[in-house]
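In what follows, a structure is listed as structure tokens, so that the remarks can point back to it.
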2 protein chains.
Amino acid sequence: MKLSKKGEYALRALIDLGIAGEVGRELVQVTELSDKESIPAKFLEQIMQELKSAGIVVAQRGKFGGYHLARPASEITIGSVVRLIDGPLAPIGCVSHTAYEKCSCPDEEHCGLRMLMLDVRNAIAGILDRYTLADVVEVTLRKLRRDALPLPFATPRSAVRREPVKSTVASRRTARTAVPRRLVPVEGLLSQLLPDYTI
Amino acid sequence: MKLSKKGEYALRALIDLGIAGEVGRELVQVTELSDKESIPAKFLEQIMQELKSAGIVVAQRGKFGGYHLARPASEITIGSVVRLIDGPLAPIGCVSHTAYEKCSCPDEEHCGLRMLMLDVRNAIAGILDRYTLADVVEVTLRKLRRDALPLPFATPRSAVRREPVKSTVASRRTARTAVPRRLVPVEGLLSQLLPDYTI
DNA sequence: TTTTTTCATACTAAATTAGTAGGATTAAAT
DNA sequence: ATTTAATCCTACTAATTTAGTATGAAAAAA
């Protein structure tokens, strides 16, 4: 039930971009991300490319370029990122919603294992499709502030000399107000750390 | 978040052994299992070997030999089987209970991703460690009976000419009475299909 | 003694994972 | 215009994992 390193790196980088947006930083370069997270720079470069192609991040080329989120962090679910990089969330193909595949078993309708794995897939998707980058950014910032630690990306590596590139939408809309919570049953550690968890 | 084919095959075979025990069949051979589930026989043979080494099944060698569960199906959790064959349930090492591994991130204590993945690992383990082979056997048999389908392993391939080999414990104790349900929150499809789900 | 099963070990082809390498392109600064 | 520093693009690769095959020995029943 593993998440690949690539998937982990993608999420780490995106969370960092979310944090950067939250502290007013407009662009972050691959080397900053790879330094902070100890990710091989060239590997992360590839990953950022995939995220760009998928429309999750936007790049600014050239000197003093870098990346930022293409949409508000509250509109990027963790599940969508994991699916993009690592494929379906379901443990076996015959219970995948996004990539169903008939399994080898003789009778899917009477397969107890399938029922069980459907529960697992729903449990995973219930979490990863519910939470967004904004949620993870929020708990991270909350913890850092609680312990009075310096926030990452607070000081731009090179002074902010760029015009507000395209739109500051990302940095404004990250607050979790507009997007309604989707489902009812809320449990787990993250939900307890988030302020407005509906029940 | 995939379960390997090997893990899937192991679970299918074990569920079949559980069903066999439930319908009074004492031994099942690899070829029967591999036929029924369309698993390459030699591959399944290897898998059964691992399950034997782990003390999950017991083998009877020689002509008219075969396998049966080493313990009551109600005492074999799905999680223990998946961990044996596929390793830890946790998506990343730093949230694994059974195989913790320090992750590359600079500060585990303030890592939002880790919190999230801990929720995921708890959700997965909450299901796979809660349910046993007996549960899966039960929903399977329930569905087959509901649709008036023939139960597998009801007719022994070769007549039952063997003495009650070691103990009939497995076939007697499979009823889910002795083992108490472990946790409180019960949801998902499987729990709804099981009769005595506590809440 | 034959048959039929598990047991044990070795091997392998294909896919996936986790990267490296090298340069082309773009844009800001000088 | 030239230099510098960033992303972009493509190809390659080493190691590991996955999903098996292959071959035969050992055991037990007939």
Side-chain angles (χ1 to χ4, degrees), chain A residues 1-10 12-13 17 26-35 37-54 57-68 85-88 92 104 156-163 165-166, chain B residues 1-10 12-13 17 26-35 37-54 57-68 70 85-88 92-93 104 156-163 165-166:
Chain A
M1 320 296 254
K2 280 239 170 313
L3 180 74
S4 72
K5 282 290 175 193
K6 196 170 162 188
E8 185 189 325
Y9 294 165
R12 285 197 194 288
L17 289 186
E26 272 153 25
L27 285 174
V28 185
Q29 297 164 1
V30 163
T31 53
E32 292 186 77
L33 296 170
S34 67
D35 282 357
E37 304 288 348
S38 307
I39 301 170
K42 274 303 212 178
F43 191 26
L44 183 55
E45 217 175 78
Q46 274 188 356
I47 296 168
M48 296 310 291
Q49 222 57 219
E50 281 187 58
L51 295 174
K52 202 200 76 173
S53 303
V57 300
V58 168
Q60 179 77 265
R61 299 182 66 168
K63 202 170 182 179
F64 300 104
Y67 291 92
H68 63 90
I85 302 292
D86 275 12
I92 50 181
S104 61
R157 184 171 271 196
S158 44
V160 186
R161 80 202 73 191
R162 185 184 300 279
E163 301 301 298
V165 186
K166 184 78 175 230
Chain B
M1 320 297 253
K2 282 239 169 312
L3 180 75
S4 71
K5 282 289 174 196
K6 196 170 163 190
E8 185 190 326
Y9 294 165
R12 285 196 195 288
L17 290 186
E26 272 153 25
L27 285 174
V28 185
Q29 297 164 2
V30 163
T31 53
E32 292 186 77
L33 296 170
S34 68
D35 281 357
E37 303 288 347
S38 307
I39 301 171
K42 274 303 208 178
F43 191 26
L44 183 56
E45 218 176 76
Q46 275 188 355
I47 296 168
M48 296 310 291
Q49 222 56 218
E50 282 187 57
L51 295 174
K52 202 201 75 172
S53 303
V57 300
V58 167
Q60 179 77 264
R61 298 179 68 166
K63 202 170 182 179
F64 301 105
Y67 291 92
H68 63 90
I85 302 292
D86 274 14
I92 51 181
S104 61
R157 185 170 271 195
S158 44
V160 185
R161 80 202 72 189
R162 183 185 300 279
E163 302 300 299
V165 188
K166 184 77 175 232

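Every chain is numbered from 1, with letters handed out A, B, ... down the list of sequences.
The B:Gln29 side chain lies nearest to C:dT5 when the options are C:dA8, D:dA27, C:dT5. Distance from the side chain of B:Ala59 is smallest for C:dT6 among the nucleotides D:dT7, C:dT6, C:dA18. Of the candidates C:dC7, D:dA30, D:dC9, C:dC7 carries the atom nearest the B:Tyr67 side chain, counting heavy atoms from C-beta on. Residue B:Phe43 has its side chain nearest to D:dT21 when only D:dA30, D:dT21, C:dA18 are considered. Closest approach to the B:Lys52 side chain among D:dC8, C:dA8, D:dA29 is made by C:dA8 (side chain taken as heavy atoms from C-beta onward). Of the candidates C:dG19, D:dT21, C:dT26, D:dT21 carries the atom nearest the B:Lys42 side chain, counting heavy atoms from C-beta on. Here D:dA30 is the nucleotide among C:dT6, D:dT7, D:dA30 with the atom lying nearest to any side-chain atom of B:Phe64. In the set D:dC9, D:dT10, D:dG20, D:dG20 carries the atom at the smallest distance from any side-chain atom of B:Gln46.
Residue A:His68 contributes atom NE2, which lies 17 Å from atom P of D:dA6 at whole-angstrom precision. Rounded to a whole Å, the CD1 atom of B:Ile39 is 9 Å from the P atom of D:dG20.
Residue-to-nucleotide proximity on DNA chain C shows that, of B:Val30 and A:Pro40, the 5′-proximal contact is made by B:Val30.
For D:dT7, neither phosphate oxygen OP1 nor OP2 lies less than 4.0 angstrom from any side-chain nitrogen or oxygen of A:Gln49. Between B:Lys63 and D:dA27 there is no side-chain N or O to OP1 or OP2 distance below 4.0 Å. Phosphate contact (OP1/OP2 of D:dT18, side-chain N/O of B:Tyr9, threshold under 4.0 Å): absent.
Here the closest heavy-atom approach between residue B:Tyr9 and residue B:Leu44 is recorded as O-CD1, 4.4 Å. Considering every non-hydrogen atom in both A:Lys2 and A:Asp86, the closest pair reads O-OD2, 4.4 Å.
Rounding to the nearest 0.5 Å places CD of A:Glu45 at 4.0 Å from NZ of A:Lys42. Atom CG of residue A:Leu33 and atom OG of residue A:Ser38 lie 12.0 Å apart, to the nearest 0.5 angstrom.
Each of A:Val57, A:Val58, A:Leu17 was evaluated against A:Leu51; a single residue qualifies, A:Val57, per the side chain to side chain contact (heavy atoms under 4.5 Å, CB included) test.
Scanning atom types as modelled, no donor and acceptor separated by under 3.5 angstrom connect the side chain of B:Arg61 and the base of D:dA28.
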